[in-house]
Amino acid sequence: MSQLLVDRKQIEEFLIDEAAYLDEGKFSEWLDLFTEDSFYWIPSNQDDIDPNTHVSIIYDDKDRLEERVWRLQSGLAYGQEPKSRTRHLVTNVKVLDCEEDKVIVTSNFILVELRRSIQTIYSGRLEHHLIQTDTTLKIASKKVELINNNEFLGNLSFLF
Amino acid sequence: MINSENITQYIKDTAVHGDIYTDEEIFKQEMTSIFEKTWVYVGHESEIANSGDYKTTVIGTHPLIVTRDSDTDEVHVVFNRCRHRAATVCQQEKGNANYFRCAYHGWTYSNNGDLTGMPFQDGYGEEFDRCKMGLTKVPRVGIYQGFIFASLSEEGPTLEEHLGNARPYIDYVVNTCPEGISLNAGAHKYRFDGNWKLQVENTIDPYHLSVTHRSFFNLMSKKTGKKINFSKMHKNEKIRDLGNGHSLYELDGDLGIGALPFNLIVFPNLGFLGSQVRVTWPVSVNKTNVFLYPIMLKGASVEENAARLRKHEGFYGPAGFGTVDDLEVGFDRVMEGLNAKGKDGEWLEISRGLEREEVDEKGIITATSSDEISARALYKAWKKLMTADDSNVETRGKKHEPTVGRP
């Protein structure tokens, strides 16, 4: 691990801000956190799969992530009508590796979602690959390892 | 009591009664009259490719194990239930094992189902015949083009007869690749609080595409610059009632959701559409589990199969742009609406296009793709099985008084 150019506090603040965008419905601002060649990934069935040979729940490049956000804001995404209310709790933040401008950060999360009067708890491990630019951090990839990724899941049209 | 006679009150040629989606007795009757009578898909050979491979599955609500014999490579389908005290003997979704050992009292079975032993073997008398105490085998197993089916009924049509006119389309799925297909790319697994038939009906229902999935097709036209003319599309496209409950939707061009040029429903709960095999598991009258297995082409490049996966994920699965809207509109809202039971308002229409059906020499009925021909095909087979009273031959022909009147 090379010298960390950002401190852990700054990374935690970044993750908290990211979660706040999601909980407050500021999806365009959330999308802007991702680099142009980024991806947003939720593996299916198990945490460690090769997305080229195994299906994912979500494997969005930036284009598809833009479409996902466009859809949520289109007024035509019935899967979000009614909308999910969410609270993301991000914790156990750990800097796993760091080289040049790239930082790999893992964390645990609890996501409480309320929709159709049903409150559902999701949990798992997040792995963010962050790129440090002059003044800010950007997301090069976000992987969501749901602990129930091999269970029969409900409507996951909200954002993790 | 629901029986083979009064069930007819819930179904007409043009409509089905809302209670078929909500009544627990009707669900129980479906399990015995349909799932325990007809052929049901239990897995694909690629999932148990090697000697000793197994997977667990269900028919209706019966837990089963599908195994490939360690010695003979034969495929067996056995109930996942210890013959001693009923505990399931296999807990994993899939794996490889020569033996299944019950963790309760240690009864052990080979992977062909035979009972091979138990701890402290001295407690059973001469009457106890170990040969008869293997894991119970399902009465019939059939394999068509690598797709394994089982039937809990000793009698009835052969698998080939049951598949009937659906066979050439299953052949097509397999023959799209010279080296064959595999279902080893994992699965999307989702559930909903609704009746299993809603998912089967939704497998061929192009009428809803331009409405429920408008956002997806708006995205597609933004990307391709081409707008789909749904009115024209429905005129060009056909849906066919293939008989035995199976039906086919022939696509006119690429909708951007998968590789197959058709959607195929194989009665009662198997589907081929997009680039997937879809399996619908009834759990209870208002709970359903669904598997979507992406179809991978053996011998194709990693890039080609990866592109299939990405396209599949774009529309399908618990976070796919299409599936989530179906879950909300097609299932959640329908289940909610079914609680409204106004006079004459308890029926769900399946009549669209009834007057423009055409029948060919094979008896295949065809109409356009906005017509509800697939639902009619499903309910014809449903009615045939639900009204087939073979439970008690002596009572046949006698006037049966329902204990509960028509709701």
Side-chain angles (χ1 to χ4, degrees), chain A residues 39-84 111 113 115-118 120 122 142 144 146 148-160, chain B residues 93 182-193 211-220 222-223 275-276 281 283 287-294 296 301-310 312-314 316-333 336:
Chain A
F39 59 90
Y40 168 63
W41 182 23
I42 307 182
S44 186
N45 312 117
Q46 45 190 316
D47 298 338
D48 294 309
I49 55 160
D50 176 353
N52 289 323
T53 58
H54 191 110
V55 70
S56 296
I57 294 167
I58 292 176
Y59 192 79
D60 285 358
D61 59 12
K62 185 73 184 285
D63 284 348
R64 189 172 280 168
L65 191 56
E66 278 170 6
E67 292 174 1
R68 189 174 293 279
V69 168
W70 176 87
R71 226 179 73 82
L72 291 174
Q73 295 171 334
S74 69
L76 293 169
Y78 295 112
Q80 274 297 299
E81 198 180 288
K83 283 188 168 57
S84 298
L111 166 51
E113 185 227 11
R115 205 179 95 80
R116 283 192 157 272
S117 307
I118 297 166
T120 310
Y122 295 91
K142 177 176 180 176
V144 183
L146 285 170
N148 58 346
N149 59 21
N150 196 35
E151 300 299 316
F152 294 95
L153 294 157
N155 174 346
L156 302 186
S157 53
F158 55 91
L159 298 166
F160 279 89
Chain B
E93 219 170 15
S182 100
L183 301 186
N184 280 326
H188 277 149
K189 293 163 71 170
Y190 60 87
R191 58 166 177 78
F192 60 92
D193 291 336
V211 186
T212 310
H213 303 305
R214 200 173 127 199
S215 67
F216 179 82
F217 292 108
N218 285 355
L219 272 173
M220 288 300 294
K222 256 175 54 171
K223 244 196 315 209
S275 308
Q276 79 193 257
W281 281 5
V283 177
K287 290 212 185 304
T288 302
N289 290 339
V290 184
F291 287 89
L292 313 180
Y293 296 94
M296 294 288 96
S301 68
V302 171
E303 291 75 20
E304 190 180 347
N305 277 325
R308 285 170 82 91
L309 290 171
R310 297 295 89 81
H312 170 79
E313 292 152 358
Y316 294 107
F321 296 168
T323 299
V324 293
D325 293 349
D326 283 330
L327 288 170
E328 168 62 25
V329 180
F331 311 155
D332 287 351
R333 292 187 191 180
E336 199 170 54

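Chain letters run A, B, ... following the sequence lines, proteins first, then strands; residues in each count from 1.
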Checklist line | Expected output: side-chain A:S44 to main-chain B:A187 donor-acceptor under 3.5 Å | finding: yes
Margin query: At a heavy-atom distance under 4.5 Å, which candidate from B:D193, B:N289, B:N305 has the highest pair count against chain A?
Written below: B:N289
Margin query: Parallel, tilted or perpendicular, judged at 30° and 60°: which one describes the rings of A:F152 and B:W281?
Written below: tilted
Margin query: Under a 3.5 Å distance rule, please check whether B:H188 uses its side chain to pair with a backbone N or O of A:S56 as donor and acceptor.
Written below: yes
Next item on the list: Please flag which part of B:F192 lies under 4.5 Å from any non-hydrogen atom of chain A: side chain, backbone, both or neither.
Entry: neither
Checklist line | chain B contact via A:S157 - which portion, at a heavy-atom distance below 4.5 Å | finding: both
Next item on the list: Tell me, with the steps shown, if A:N150 and B:E93 meet side-chain contact (heavy atoms from CB on, under 4.5 Å).
Entry: CA-CA 10 Å; A:N150 196 35; B:E93 219 170 15; 2.9 Å; yes
Next item on the list: Working to the nearest 0.5 Å, report the span between CZ of B:F321 and CG of A:L72.
Entry: 8.0 Å
Item checked: Portion of B:P318 that has a non-hydrogen atom of chain A nearer than 4.5 angstrom -> both
Checklist line | Check ion pair B:E336-A:R116 (N to O, under 4.0 angstrom) | finding: yes
Next item on the list: Report yes or no: does B:D325 contribute a side-chain atom to a donor-acceptor pair with the main-chain N or O of A:Y78 at less than 3.5 Å?
Entry: yes
Item checked: Side chain to side chain, A:P82 and B:E328, heavy atoms closer than 4.5 Å -> yes
Notebook entry, point to check: Given the options B:A306, B:S215, B:G317, which has more heavy-atom pairs under 4.5 Å with chain A than any of the others?
Noted result: B:S215
Margin query: I want to check something: taking the side chain as every heavy atom from C-beta on, are B:M296 and A:H54 in contact at a cut-off of under 4.5 Å?
Written below: no
Item checked: Heavy-atom proximity to chain A below 4.5 Å, by part of B:R308 -> neither
Check: In terms of heavy-atom proximity below 4.5 Å to chain A, should B:V302 be classed as side chain, backbone, both, or neither?
Finding: both
Notebook entry, point to check: Distance-only, no hydrogens or angles: does the B:K189 side chain make a donor-acceptor pair with backbone N or O of A:E151 under 3.5 Å?
Noted result: no
Notebook entry, point to check: Checking side-chain contact (heavy atoms from CB on, under 4.5 Å) for the pair B:N218/A:L76: CA distance, chi angles, key distance, verdict?
Noted result: CA-CA 10 Å; B:N218 285 355; A:L76 293 169; 3.6 Å; yes
Next item on the list: Keeping the roles fixed (side chain from B:E313, backbone from A:I57), state whether a donor-acceptor pair exists under 3.5 Å.
Entry: no
Notebook entry, point to check: In terms of heavy-atom proximity below 4.5 Å to chain A, should B:H213 be classed as side chain, backbone, both, or neither?
Noted result: neither
Note to self: Between B:R310 and A:D60 (side chain of the first, backbone of the second, donor and acceptor by atom type, cut-off under 3.5 Å), is there such a pair?
What the structure shows: no
Note to self: Would you say that more than 12 heavy atoms from the other residues, nucleotides or ligands in this model lie under 6.0 Å from the CZ of B:R214, or not?
What the structure shows: no
Notebook entry, point to check: Going from CG on A:N155 to CG on B:D332, what distance comes out if it is rounded to the nearest 0.5 angstrom?
Noted result: 7.5 Å
Check: Less than 4.0 Å between a side-chain N and a carboxylate O, is that true for A:E67 and B:K222?
Finding: no
Item checked: Under 4.5 Å from a heavy atom of chain A, the part of B:V211 involved -> backbone
Next item on the list: Would you mind checking which part of B:D326 comes under 4.5 Å of any heavy atom in chain A, side chain (CB onward), backbone (N, CA, C, O), both or neither?
Entry: neither
Margin query: With a 4.5 angstrom heavy-atom cut-off, is it the side chain or the backbone of A:R71 that approaches chain B, or both, or neither?
Written below: side chain
Note to self: If you count heavy-atom pairs within less than 4.5 Å of chain A, which of B:L219, B:N184, B:L327 leads?
What the structure shows: B:L219
